[in-house]
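To start, the structure under review is shown below, and the notes come after it.
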Amino acid sequence: MKYNTITKYGLFAGFLAFAISCGSSKQTAFSDKVKSPIDRKVDSVLKLMTLEEKVGQMNQYNGFWDVTGPAPSEGEASKKYENIKKGLVGSMLNIRGVKDVKAMQKIAVEETRLGIPLIFGFDVVHGYKTVSPIPLAEAASWDLKAMEKSAEIAAAEAAVAGLNWTFAPMVDITRDARWGRVMEGAGEDPYLGSQIAIARVRGFQGDKFDAFHIAACTKHFAGYGFAESGRDYNTVDVSDNTLHNIILPPFKATVNAGVLTFMNSFNELEGIPATGNKYLQRDVLKGEWNFEGFIVSDWGSLGEMINHGYAKDLKEASMFAANAGSDMDMESYGYLNYLAALVKEGKVSEDKIDDSVRRILKVKFLLGLFENPYKYCDETREKETTGKQEFQDGVLDMAKKSIVLLKNENNLLPLKKSGQKIAVIGALANDKTSPLGSWRIGADDNTAISFLEGMDAYKGNQITYEKGADVTLGSPKFIEETKINMTDKSGFDKAVAVAKNADVVIMVLGEHGLQSGEGRSRSEIGLPGVQQELLEAVFKANKNIVLVLQNGRPLTIPWAAENIPAIVEAWHLGTQSGHAIAQVLYGDYNPSGKLPMSFPRNVGQLPIYYNYKNTGRPSTDNPESVFWSHYGDVEKTPQYPFGFGLSYSKFEYSNLKLDKKSFAKGGKITVSVEVKNNSKVDGKEVVQLYIRDLVASVTRPVRELKGFELTEIKAGETKTISFEIDEKTIEFYSANKKWEAESGDFKVFVGGDSMTKNEADFNFSN
């Protein structure tokens, strides 16, 4: 039966009628529900497929030729091209733009036997052409609606470029800022991370898959953020307790939110690489959680099982991955080359192949690609939508909300709007590429609003700029090619000179946007190059300094924290970076961000996180004792704790109350606190609720975030903020290897960061 008798959008009318008529009460591979119309359509397609065509759907290729140019005639590119024509490819990545996507899709639906459309994936992590702040920065906003909107903007721009699948959100919890990919996630807390993951999935996918929404992909499953020593791709070794209580909750949250796809992680877990890990994929994700979408490997992770020492060759790696439940192979070529043979040899059952292909086909049906393979291919829509003003306004709003005020002695900020001489120092102040961050591969270089451009929008002050010292991505090859000297201090004298004559000095320092991200781990996370020396040299000339940090991870800044009067954490804020920072510095936007990761005092504290365990010797009453859990050379507390962030408003907490002191199974307690804005400036505060379970079947953290509310409080106003605590709030993965709430005594804390001292007690009886 020829599938490529094409109607307007790739399927002949008789097939759709046939597909819908193939109803059955037989249970599906996805759930115990009666088959839906889409499930019946999927089954009808599956019946038409050969084993080789099924395996083809499990194969994903990276872009390999100019799609609108002549077809490749030799080599690997020619082989890939022929495989697409044979229907042996289910997905492509890194092909973008309506022209190229449409040309490739045309081959799949009009030149193959069955005409099954391709799904096109791309790393739309924090924007496409119009770039939002890096995800870690967005997490600092604690504004779930804004983050959902940010993902929606990214999805719309990607969708009109022909794409229908993003490899985001990354929901890995991490506690080690040396790991470069901290910039791509939501930080150290599983509760905050879960709420953000849900918001981002909703933003990408929307309520229905129209032409402006795309499939999301939860990654990396699982444990990637716990790479030893913060080194990317490194070994992960965590307990079952940590896996279930800290790492897995955000992944589970996205399943509940309806995410369509998952991606494996590069690491091993309990000695088994994630791509070949049956417990993660079949037992937990597809079994216990009843995930109905499909799982794609990370780039080449199937083949990397050989490097791990888990598989002897690519064929064995393919067998392990398929049997474990990995549905699509990204750029390893293992499935395409070996999976059909493994089925014929009885080493992989065809039922497992069918399950994977059903999942892939179902996602394509849900996206509407069978009904209209060219749904995302409209050049007029692409031109009209990309970069439109609504998107620019949206990412500017997100950027302002992501900024965290870390220090503001003597109310140095906000700046006066006129009559001041301001010296701006730092290479990053004049950089239009670095603010785009690491994962912005759809955007063009030099398209961000630089800090200087943002400041230029305010005309009342005299601004003088000096670079002071270079900052680059730090690659030795890049430094050699660009002739940049990272130890060059020749610009110090000019920087010091302009600082001496200034009323206020703004130092824009930190990391280049490409110094964090995948493969960009750092063993030292202070200011790169000679920036620290530059900061100290300028400080000697003028102590009236505002330090603006641009970075993709928490940095160690103990000297600045002690000496610099004002510090603003401005991350890599995307396309509208300069405008966002300037509006905050001048007080046209009152900062409300709170840290989603702890800032260490030095790198030796890592990993550092607020929800630590108490240990058997947490402290001592004897000041001369050394036999307790501490460091001999630095405080064990962070420089700036999780949840911390200042404002131009001053918020005061009082009257923490519980409506009762205990509750039983099925009941609840209401916690309330009064928050007063004791200032003359309207502002927003993130009111945070933490719980401590004092005694349990497994040791519990000293505090766990269990709720938060971002609320606007006018100058002089007092608001009462309430939270409900029920059985669900206090449950955890217990010694019984299940999620449950145990009877016992608890403490509740409510305040403006994770170190709040406002506390009360309650009891739960099960």
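- For Glu228, the CD atom sits in a packed shell: over 12 heavy atoms of surrounding residues, nucleotides or ligands are nearer than 6.0 Å.
- Distance alone, capped at 3.5 Å, is enough to place a donor-acceptor pair between the Asp172 side chain and the His220 backbone.
- Donor-acceptor pairing under 3.5 Å is recorded for the side chains of Asp66 and Thr68.
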Problem set entry | Verdict with supporting geometry, Asp232 and Tyr224, side-chain hydrogen bond (donor to acceptor under 3.5 Å, both in side chains) | CA-CA 8 Å; Asp232 212 350; Tyr224 190 31; 2.5 Å; yes

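- By the 6.0 Å contact criterion, CZ on Arg282 is enclosed, its count of non-hydrogen atoms from other residues, nucleotides or ligands being greater than 12.
- Using a 3.5 Å distance cut-off with no hydrogens or angles, the side chains of Ser265 and Asn267 do pair a donor with an acceptor.
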For this session: List the steps and the verdict of side-chain contact (heavy atoms from CB on, under 4.5 Å) for Gln60 and Met330.
Result: CA-CA 5 Å; Gln60 182 183 61; Met330 180 193 290; 3.1 Å; yes

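- Crowding of Glu76 atom CD: a count of heavy atoms from other residues, nucleotides or ligands under 6.0 Å exceeding 12.
- Ring to ring, Phe167 and Phe122 are not that close: their centroids are 6.0 angstrom or more apart.
- Contact detail for Lys362 and Asp39: the closest heavy-atom pair is NZ-OD1, 3.3 Å.
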Exercise. Glu304 and Tyr310: side-chain hydrogen bond (donor to acceptor under 3.5 Å, both in side chains), yes or no, with the steps?
Worked result: CA-CA 9 Å; Glu304 289 177 11; Tyr310 185 70; over 6 Å; no

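- Checked against a 6.0 Å centroid threshold, the rings of Tyr128 and Trp439 do not count as neighbours.
- Tyr333 and Lys80 form a side-chain donor-acceptor contact under 3.5 Å, judged by distance and modelled atom types alone.
- Taking 4.5 Å as the limit, every side-chain heavy atom of Glu53 sits out of range of all side-chain heavy atoms of Val45.
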Exercise. Glu184 and Lys219: salt bridge (Lys or Arg N to Asp or Glu O under 4.0 Å), yes or no, with the steps?
Worked result: CA-CA 10 Å; Glu184 198 177 342; Lys219 65 183 187 185; 2.9 Å; yes

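- Lys286 is not listed as a side-chain neighbour of Asn290, based on a closest heavy-atom distance of 4.5 Å or more.
- Side-chain atoms of Ser332 come within 3.5 Å of backbone atoms of Gly303 as a donor-acceptor pair (strictly under, hydrogens ignored).
- The neighbour count for Lys102 NZ, taken as heavy atoms of other residues, nucleotides or ligands under 6.0 Å away, does not exceed 12.
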Problem set entry | Intermediate values then yes/no, side-chain contact (heavy atoms from CB on, under 4.5 Å), Val296 and Trp165 | CA-CA 12 Å; Val296 63; Trp165 183 21; 3.9 Å; yes

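- In this structure, Gln105 contributes its side chain and Leu118 its backbone to a donor-acceptor pair below 3.5 Å.
- Within the 3.5 Å criterion, the main-chain N or O of Phe251 finds a donor-acceptor partner in the side chain of Thr254.
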